[in-house]
Number of protein chains: 2
Amino acid sequence: MNKSTKTKISNAVIKRLPRYRRYLKELQRKGVDKISSGELGVLIGYTASQIRQDLNNFGGFGQQGYGYNVNSLYNEISAILGLDKAYKIVIIGAGNLGQAIANYTSYFKAGFVVCGIFEVNPRLIGLKINDIEVMDYEKLVSYVEENQIDMGIICTYKDSAQDVADKLSFAGVKGIWNFAPVDIEVPERVALENVHLSDSLHSLAYYINKNQKKE
Amino acid sequence: MNKSTKTKISNAVIKRLPRYRRYLKELQRKGVDKISSGELGVLIGYTASQIRQDLNNFGGFGQQGYGYNVNSLYNEISAILGLDKAYKIVIIGAGNLGQAIANYTSYFKAGFVVCGIFEVNPRLIGLKINDIEVMDYEKLVSYVEENQIDMGIICTYKDSAQDVADKLSFAGVKGIWNFAPVDIEVPERVALENVHLSDSLHSLAYYINKNQKKE
DNA sequence: TTAAATTATTAACTAATGTAACAAAAATAA
DNA sequence: TTATTTTTGTTACATTAGTTAATAATTTAA
């Protein structure tokens, strides 16, 4: 029995996994081939105990008296995150953010394949952004269905976001990455990750002012 | 005595404030002028109790038997977040992301004034992006000092991010918004907000696969 | 064969979060 | 004016999540 099916894995753990992975990648790059939870803890800034516990949610990747093998742990974490597969993606909204995300994702993220960008603005339809075709938003649903797209990235204004999410969900995507500054509703089977940039900026403003009140 | 000085306000509360503010803005737009914690709770999806408790961290903005005045609550929350002031900003990195953030911030975020973009690539220096000058990265520190810049946005590759953060901190910014996929260190007096897009995308990949294992 | 290192796992602890309850205040209606 | 209703402010309680500590088991290396 797979461990991950036994107990629910907390959100905090999942959010730490990409971070572990980043540090492991770096160690790999440096040619380090084994590491103990203690050493890794110093590096990342977690306690050794937490690292062992986090990893043990998914199974015993380490070995007593030895530690963790950097390469295999990197691969294990990648597999847990599902980064050993490829994902077909569409972006909705060909504005500044949509374009930036298109470039960002297709250049830097092996495994995330941007197949098309959808737009309502007729002046943008037909253009190519980084070799990716900008298509008519009207064709979104049929395109997603026919090409078995896995994921949609919402880069529209907030007023359109829910409509986009509905169409994507209807057409069968498995996940939505939402950049519109609004809370959208999706069916339970669809995974949703929000990147609320304005919320992030606003909380930064708070912390800037709080620091100055020097508590 | 101001309430906010009494007790430390939890991070979760701060992170909810921009959300409250978004919904209040929407109510304002619809011409609603008062709302009870109960109604707001239904709207946002929190319990009435939590909303009252959150708001009471900062003082009593409501009135028994009446509820909360939408306009004044919106203004109060804005003030708590520090959104009643203006912030002078520089962006470091004029790549796709830097450009998108430059446009995003200067178009949509009143109060956040992008004063300059800094770059190492000589082919970009001297250009104007959305009326904002792209300057030589060498001049970052003196520019920030002379113009009393409040905030820096890091849109570089990960290898340069710490150097940028050091320069910004040295030059006296009060906050850093970091988009580079790396953990950077800043002095305590500098507020730091990370937007780790790749981490976010990777956790989305996890949830996509988890959903399919249909727990 | 023994000692040292280090994980896996259980247990204990701490902090954060959320909910409930109710007195106090204001608004409304009689 | 007075009673009733509404709704907050505030305290207390309960629950959950997250973290750290402790220890038994295993491996490595001397």
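In the text below, chain A, chain B and the rest are named by the order of the sequence lines, each starting its count at 1. Note that the structure is predicted; figures quoted are calculated from it, not measured.
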Can you sort out the partners of [X] under salt bridge (charged side-chain N to carboxylate O under 4.0 Å, His left out), two or more places apart, ordered by chain and number?
X      : result
A:E193 : A:K15
B:E26  : B:R29
B:D84  : none

**Item:** With sequence neighbours excluded, residues passing side-chain hydrogen bond (donor to acceptor under 3.5 Å, both in side chains) with B:E39
**Value:**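 For B:E39, the residues satisfying side-chain hydrogen bond (donor to acceptor under 3.5 Å, both in side chains) (neighbours in sequence not counted) are B:S36.
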
Grab the [atom1]-[atom2] distance between [X] and [N] for me, whole Å please.
X     : N      : atom1 : atom2 : value
A:Q63 : D:dT27 : CD    : P     : 6 Å
B:I51 : C:dT17 : CD1   : C1'   : 15 Å
B:L73 : D:dT7  : CG    : C1'   : 15 Å
A:N69 : D:dT27 : CG    : P     : 16 Å
B:N56 : C:dA24 : CG    : C1'   : 13 Å
A:F61 : C:dA8  : CZ    : P     : 9 Å
A:N57 : C:dT10 : CG    : P     : 12 Å
A:Y66 : C:dA8  : OH    : P     : 13 Å

**Item:** Close aromatic pair by centroid cut-off 6.0 Å: B:Y137 and B:F118
**Value:**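 So the answer is no for these two rings.
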
**Request:** Select one nucleotide: of D:dG9, C:dA8, C:dA20, the one nearest the side-chain heavy atoms of B:Y68.
**Result:**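 The listed nucleotide nearest to B:Y68's side chain is D:dG9.
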
**Asked** So, B:Y87 side chain and B:G82 main chain: donor-acceptor pair closer than 3.5 Å or not?
**Response**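 Flag set: sc B:Y87 to bb B:G82 pair under 3.5 Å.
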
**Asked** Residues from residues 25-43 of chain B sitting under 4.0 Å of DNA chain D, heavy atoms only?
**Response**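 Here the set is B:S36, B:S37.
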
**Item:** Intermediate values then yes/no, side chain to side chain contact (heavy atoms under 4.5 Å, CB included), B:L55 and B:L73
**Value:** CA-CA 9 Å; B:L55 297 177; B:L73 186 55; 4.0 Å; yes

Report all interatomic pairs (protein N or O, nucleotide N or O of nucleotides 16-19 of chain D) with separations under 3.5 Å.
residue: D:dG18; atom: OP2; partner: A:S10; partner atom: OG; Å: 2.9
residue: D:dT19; atom: OP2; partner: A:R16; partner atom: NH1; Å: 2.8
residue: D:dT19; atom: OP2; partner: A:R16; partner atom: NH2; Å: 3.1
residue: D:dT19; atom: OP2; partner: A:Q50; partner atom: NE2; Å: 2.7
residue: D:dT19; atom: O5'; partner: A:Q50; partner atom: NE2; Å: 3.3

**Message:** Nearest heavy atom decides the nucleotide; on that basis, is B:G67 or A:R52 closer to the 5' end of DNA chain D?
**Reply:**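 Per heavy-atom nearest nucleotide, the more 5' residue is B:G67.
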
**Message:** Atom CD of residue position B:E145 - does it have more than 12 heavy atoms of other residues, nucleotides or ligands inside 6.0 Å?
**Reply:**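 For B:E145, atom CD is crowded (more than 12 foreign heavy atoms under 6.0 Å).
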
**Asked** When you check the side-chain N and O atoms of A:N71 and A:Q28, is any donor under 3.5 Å from an acceptor?
**Response**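 A donor-acceptor contact under 3.5 Å links the two side chains.
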
**Request:** Go through the N and O atoms of the side chain of B:Q64 and the base of D:dT8, and report whether any donor-acceptor pair is under 3.5 Å.
**Result:**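 Side chain to base: pair found, below 3.5 Å.
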
